[in-house]
A.B. asks: 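This structure is in structure tokens; I'll ask about it shortly.
Everything numeric here is computed off the predicted structure, so don't read it as measured data. These numbers come from the heavy atoms of this one structure, side chains and all, not from hydrogens, waters or symmetry mates.
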Amino acid sequence: ALSSKGFTAARHELAPGVTVDVYNLHADAGGDQGDIDARLKNFAQLQAFMRTYSAGRPVIVAGDTNLNANRAGDMAILTDFLGTNGLVDSARSLGKGESLDRVMLRSTADVSLEAVLWEKAPEFFDAAGQPLSDHGAVHVDILWKRLR
């Protein structure tokens with residue numbers, strides 16, 4: 001069976017008075033134009049929800065984007081999503097290149113979010129050393145600071 005697609009959202013308290021909205025996503029896969037169009041709709045739905053639920057708030061968006069660096073249509077979706085929502089891709093910010101699994105961050109005037117480590121997650125392997133997924137999970141350490 002294929003994995004369910006979509007997103008979830010939760011508001012997490014990092015410290016008294018400091019919260020961040022965290023999104024977990026899994027976008028549609030595939031490389032034909034219909035698949036790219038479906039991903040465009042996936043990200044439009046997420047963006048519409050974020051516009052109201054997370055307006056003016058710090059945000060972490062993480063998950064399997066299925067946005068492939070070798071597909072121009074996918075990179076257009078990513079560029080628009082990052083820019084429109086004020087997000088920074090953690091792998092790109094640390095010079096780690098591209099991955100289908102992404103962790104994207106948005107800081108605000110009150111809370112700074114910064115990726116300080118991005119790596120393929122070493123804990124996502126079975127006892128025989130085989131990966132637990134069709135592509136390696138990522139591990140990102142995020143430094144947060146209260147600014148006001």
A.B. asks: Should the heavy atoms of other residues, nucleotides or ligands under 6.0 Å from NZ of Lys120 be counted, would the total exceed 12?
C.D. replies: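 Buried by this count: over 12 neighbours within 6.0 Å.
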A.B. asks: Please name the pair of heavy atoms, one in Asp28 and one in Ala38, separated by the smallest distance, quoted to 0.1 Å.
C.D. replies: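 Looking at all heavy atoms of both residues, the closest pair is OD2-CB, 3.1 Å.
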A.B. asks: Is Val116 linked to Leu105 within one hydrophobic cluster, defined over Ile, Leu, Val, Met, Phe, Trp and Tyr using a side-chain heavy-atom separation of less than 4.5 Å?
C.D. replies: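 Each belongs to a different hydrophobic cluster.
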A.B. asks: With a 3.5 Å cut-off and sequence neighbours excluded, list the donor-acceptor pairs that the side chains of residues 136-147 form with protein atoms.
C.D. replies:
| residue | atom | partner | partner atom | Å |
| --- | --- | --- | --- | --- |
| His139 | NE2 | Asp141 | OD1 | 2.8 |
| Arg146 | NH1 | Pro16 | O | 3.4 |
| Arg146 | NH2 | Pro16 | O | 3.1 |

A.B. asks: Sorted by first residue and then second, give each salt bridge (charged side-chain N to carboxylate O under 4.0 Å, His left out) pair with at least one member in residues 37-55; sequence neighbours left out.
C.D. replies: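 For residues 37-55: Arg39-Asp74.
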A.B. asks: Which atom names give the shortest non-hydrogen contact between Ala29 and Lys5, and what distance separates them?
C.D. replies: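 Heavy-atom minimum between the residues: N-CE, 4.3 Å.
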A.B. asks: Grab the two heavy atoms, one from Ala115 and one from Leu94, that are nearest each other, plus how far apart they are.
C.D. replies: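 Closest approach of Ala115 to Leu94: O-CD2, 3.5 Å.
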A.B. asks: Listed by chain and number, what are the side-chain contact (heavy atoms from CB on, under 4.5 Å) partners of Asp126, not counting sequence neighbours?
C.D. replies: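 Ala128, Gln130, Leu132.
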A.B. asks: Would you mind reporting whether Leu78 and Met104 have side-chain heavy atoms less than 4.5 Å apart?
C.D. replies: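 In short, these two side chains touch, coming nearer than 4.5 Å.
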A.B. asks: Apply the hydrophobic cluster definition, ILVMFWY joined by side-chain contacts under 4.5 Å directly or through others, and give me every member besides Phe125.
C.D. replies: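 In the cluster with Phe125 there is nothing else; it is isolated.
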A.B. asks: According to ring-ring contact (aromatic ring centres under 6.0 Å, His included), does anything in residues 72-121 pair up with another residue at least two apart or in another chain? List the pairs.
C.D. replies: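 Non-adjacent pairs meeting ring-ring contact (aromatic ring centres under 6.0 Å, His included): Phe43-Phe81.
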A.B. asks: Apply side chain to side chain donor-acceptor pair (under 3.5 Å) to Asp101 and list each qualifying residue two or more places apart in sequence or on a separate chain.
C.D. replies: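 If we apply the side chain to side chain donor-acceptor pair (under 3.5 Å) test to Asp101, skipping adjacent residues, the hits are His135.
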A.B. asks: Do Leu87 and Phe7 sit in one hydrophobic cluster, given that two such residues count as connected whenever their side-chain heavy atoms are within less than 4.5 Å of each other, even indirectly?
C.D. replies: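 Looking at the clustering, Phe7 is in the same group as Leu87.
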A.B. asks: Flag yes if Val88 and Val20 sit in one hydrophobic cluster, no otherwise; membership is Ile, Leu, Val, Met, Phe, Trp, Tyr, and two members link when side-chain heavy atoms are under 4.5 Å apart.
C.D. replies: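 Cluster IDs for Val88 and Val20 differ.
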A.B. asks: For Ala27 and Asn66, work out which heavy atoms get closest and say how close.
C.D. replies: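 Heavy atoms of Ala27 and Asn66 come nearest at O-ND2, 2.8 Å.
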A.B. asks: Under a single-linkage definition using a 4.5 Å side-chain heavy-atom cutoff for Ile, Leu, Val, Met, Phe, Trp and Tyr, are Leu117 and Phe124 assigned to the same hydrophobic cluster?
C.D. replies: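 No, no single cluster joins them.
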A.B. asks: Is a side-chain donor or acceptor of Thr65 paired with a backbone partner of Leu100 at a separation under 3.5 angstrom?
C.D. replies: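 Yes.
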A.B. asks: For Tyr53, check ring pair (Phe, Tyr, Trp, His ring centres under 6.0 Å) against everything at least two apart and list the hits.
C.D. replies: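 If we apply the ring pair (Phe, Tyr, Trp, His ring centres under 6.0 Å) test to Tyr53, skipping adjacent residues, the hits are Phe49.
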A.B. asks: Give me each pair satisfying salt bridge (charged side-chain N to carboxylate O under 4.0 Å, His left out) with a member in residues 54-65, each pair once, sequence neighbours excluded.
C.D. replies: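 For residues 54-65: Asp21-Arg57.
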A.B. asks: CD1/Ile77 to CG/Asn68 distance, rounded to the nearest 0.5 angstrom?
C.D. replies: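 Reported to 0.5 Å precision, the distance equals 11.5 Å.
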A.B. asks: Give the cluster check for Val103 versus Val61: same hydrophobic cluster or not, with ILVMFWY residues linked at side-chain heavy-atom distances below 4.5 Å.
C.D. replies: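 No; tracing contacts between hydrophobic side chains, which count when under 4.5 Å, never links both residues.
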A.B. asks: Any side-chain hydrogen bond (donor to acceptor under 3.5 Å, both in side chains) involving residues 103-113? Give me the pairs, sequence neighbours left out, ordered by first then second residue.
C.D. replies: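 Listed once each, the pairs are Asp110-Arg148.
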A.B. asks: Are the side chains of Thr8 and Asn24 in contact, using a 4.5 Å heavy-atom criterion?
C.D. replies: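 Yes, their side chains come closer than 4.5 Å.
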A.B. asks: Just grab all the side-chain hydrogen bond (donor to acceptor under 3.5 Å, both in side chains) pairs involving residues 75-93, residues at least two apart or on different chains.
C.D. replies: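 Listed by first then second residue: Gln47-Asn85, Asp80-Thr84, Asp89-Arg102, Arg92-Glu98.
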